[in-house]
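Working notes, structure below.
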Amino acid sequence: MAEDPSSCIPYRYERTTTAALLHDQFSDLAAEEETEVRHSVAGRAMLVRSQGKIAFVTLVDSSGQVQLFARAATTAKFKEFTRLSLGDWIGANGKVVKTKRGELSILVEDWVMLAEARLPFGDKWRGITDVEIRYRQREVDLWANARSREILQSRSTIISETRRMLEEEGFVEVETPMLHPIAGGALARPFVTHHNALDMDLYLRIAPELYLKRLVVGGFEKVFEIGRVFRNEGISPRHNPEFTILELYQAYADYEDLMVSMESLVSTLARKLLGTTRIIYQGKEVDLEPPWRRATLEELVEESTGCAFTVDTPVTVMTEFLRDLGTVPESGWGSGKLLMEIYEKACEAHLWGPVIVKDFPVEVSPLARRHRDNQALVERFEVVIAGRELANAFSELVDPDDQRSRFEMQALRHANGDEEAMTVDEDYIHALEHGLPPTAGLGMGMDRLVMLLTDQPSIRDVIAFPTLRPQSRATE
RNA sequence: GCGCCUCUAGCUCAAUUUGGCAGAGCAUCGGACUCUUAAUCCGCAGGUUCGGGGUUCAAGUCCCCGGAGGCGCACCA
């Protein structure tokens, strides 16, 4: 039997405190004061300052950092201690003291190597900035750059707080299939995979929407799911092929109810995370304090273009206008799609928000219920913050016949080459025939919410392992 | 997919508008140092300047081809 080469590394280490706890408990210690309190800490040696017969190491753990103070006379394996590399994991034990300069420290008596960092970790002051390393070797980025850790920590907090708040409101968290026989619930190109035993193609889900509403049919009056969805589209600072979505459905409610829910959810998260609703995103202030501005899509289009376009505006007029904006409309686009395009081209990016944009054309909303006052529109709203769509919600379409004709319209487009269009989902229509009560539903991109609340310009910074082009052999 | 920009030591970056011996800080390695905070000081070592071709007496620098990445546009959340 070969000997375990890491036999000098212990299998466990019993630490008695963390960096943050030490600072909490011993902040009023005077400089040069030595306590009799003994503690064990563990973490990574980030800086080593060796000075002859004494040495200092800055130890970093997930809570923060604390200094280790070693003396040749009293510290075990002192010589080895002074030769620690940046990044080595160690456990150290000793009394809690403050140095002459007033730095809280563990006066190390005994310590043990927990893992060696064999590979270099970059500039100790500037960390790592090369995106190749930052994203491809995320473990290096995470410990070289404290901010990267903080962002992922915030992501975790945002998602768990969201979950907690929804549960408090009586929502039940559920899980629905990731593998769909029909990719539905959103307008997007899916990833295709194959099931061997059934010999059938399956699609990675582009949205959990249809299954969640089937659960409402089944009697779950308030459900939500926080999970990954997959869309086979380009990669950009705001798009990752897999991203995390929150979807929730509430029976007996309409889209007006969800506007209030959104305001409350997002502003509460901001207060929890940042202590304020007045946040800074990329140098500009956004005030998330409710109520948010509410305006219809048509109002906003008029505001930014000066033209009172509606779904009743002749197709030729809007086509002409879009051409002037530099967009070539496709032949199948009706007035609703054209209006939506004008909004997205001329309007959305300029809305700093938060703005609740409401009442969309029925043509671009195949799953939303018709507006109670205008049959050409649907009761749908999007939340726009910092020029980006953060959430999309509507009063759900509950009528199976209307749903079928909407699906058929989509299927026609799909047949004409629009790969993002839906196809007819008979199982879903069947479910609606069992009766979906009045229901409101919402989808929110959690990654974008994290970007907003952590002031990050790129979605890659809020995802631990973002999708990257495979590394080519040429660079290896 | 199209446009703009970037690539130099392990890391972070220099290398004059107008080509002239490829450098610094940190990290590594050797040494000094009993209160440091990116410790300091002395010393050693460290390079296919992304790859290939061209112009030139001379190319990191100029030109062409290719590669990798970033940003913007487009689709979406």
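Within every chain, numbering begins at 1; the chains are lettered A, B, ... in the order of the sequence lines, protein sequences first and strands thereafter.
Salt-bridge check for Glu242(A) with Arg228(A): passed, with a basic side-chain N closer than 4.0 Å to an acidic carboxylate O. Remark: Glu150(A) engages Arg147(A) in a salt bridge, criterion side-chain N to carboxylate O under 4.0 Å. At a threshold of 4.0 Å, the pair Arg71(A)-Glu34(A) counts as salt-bridged, since one of the basic side-chain nitrogens sits closer than that to a carboxylate oxygen. Using a 4.0 Å cut-off between a side-chain N of Lys or Arg and a carboxylate O of Asp or Glu, Arg205(A) and Glu225(A) qualify as a salt bridge. Comment: Glu389(A) does not engage Arg238(A) in a salt bridge, judged by the lack of any side-chain N to carboxylate O separation of less than 4.0 angstrom.
One can place CD of Gln456(A) at 12 Å from P of C71(B), the figure rounded to the nearest angstrom. Atom CD of Glu33(A) and atom C1' of C35(B) are 16 Å apart (whole Å). Look at CD on Glu32(A): it is 17 Å from P on U34(B), rounded to the nearest Å. One interatomic measurement links the two molecules: CZ of Phe56(A) to C1' of A38(B), which rounds to 15 Å at whole-angstrom precision.
No contact: Lys98(A) has no heavy atom under 4.0 Å from any strand. Among the atoms of the strands shown, only primed sugar atoms or phosphate atoms (P, OP1, OP2) are found under 4.0 Å from some heavy atom of Glu341(A). Base contact: Arg71(A) has a heavy atom under 4.0 Å from a base atom. Within the 4.0 angstrom heavy-atom criterion, no nucleotide atom of any strand lies near Asn232(A). Among the atoms of the strands shown, base atoms are found under 4.0 Å from some heavy atom of Gln67(A).
A side chain to side chain contact (heavy atoms under 4.5 Å, CB included) with Trp333(A) is found for exactly one of Val364(A), Leu322(A), Leu339(A), Thr319(A), namely Leu322(A).
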Exercise. Quick one: do Asp461(A) and Ser148(A) satisfy side-chain hydrogen bond (donor to acceptor under 3.5 Å, both in side chains)? Show the steps, please.
Key: CA-CA 7 Å; Asp461(A) 293 316; Ser148(A) 295; over 6 Å; no
Between the protein and nucleotides 31-33 of chain B, list every N/O to N/O distance that falls short of 3.5 Å.
| residue | atom | partner | partner atom | Å |
| --- | --- | --- | --- | --- |
| C33(B) | N3 | Gly52(A) | N | 3.1 |
| C33(B) | N4 | Gly52(A) | N | 3.4 |

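To the nearest 0.5 Å, atom CG of residue Asp28(A) and atom NZ of residue Lys98(A) are 7.0 Å apart.
Ranking C75(B), A39(B), C71(B) by closeness to the Pro237(A) side chain, first place goes to C71(B). For Ile54(A), whose side chain is taken as the heavy atoms from C-beta onward, the closest listed nucleotide among A38(B), U34(B), A74(B) is U34(B). In this structure, of A74(B), G72(B), U37(B), it is U37(B) that holds the atom nearest to the side chain of Arg49(A). Minimum atom distance to the side chain of Lys100(A) is reached by C35(B), of the listed G72(B), C35(B), U37(B).
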Quiz item: When Watson-Crick pairs (N1 to N3 and N6-O4 or O6-N4) and G-U wobble pairs (N1-O2 and O6-N3) count only below 3.5 Å on both distances, what is the dot-bracket string of RNA chain B, with | for other-strand pairs?
Solution: (((((((..((((......[..))))..((((.......))))......(((((..]....))))))))))))....
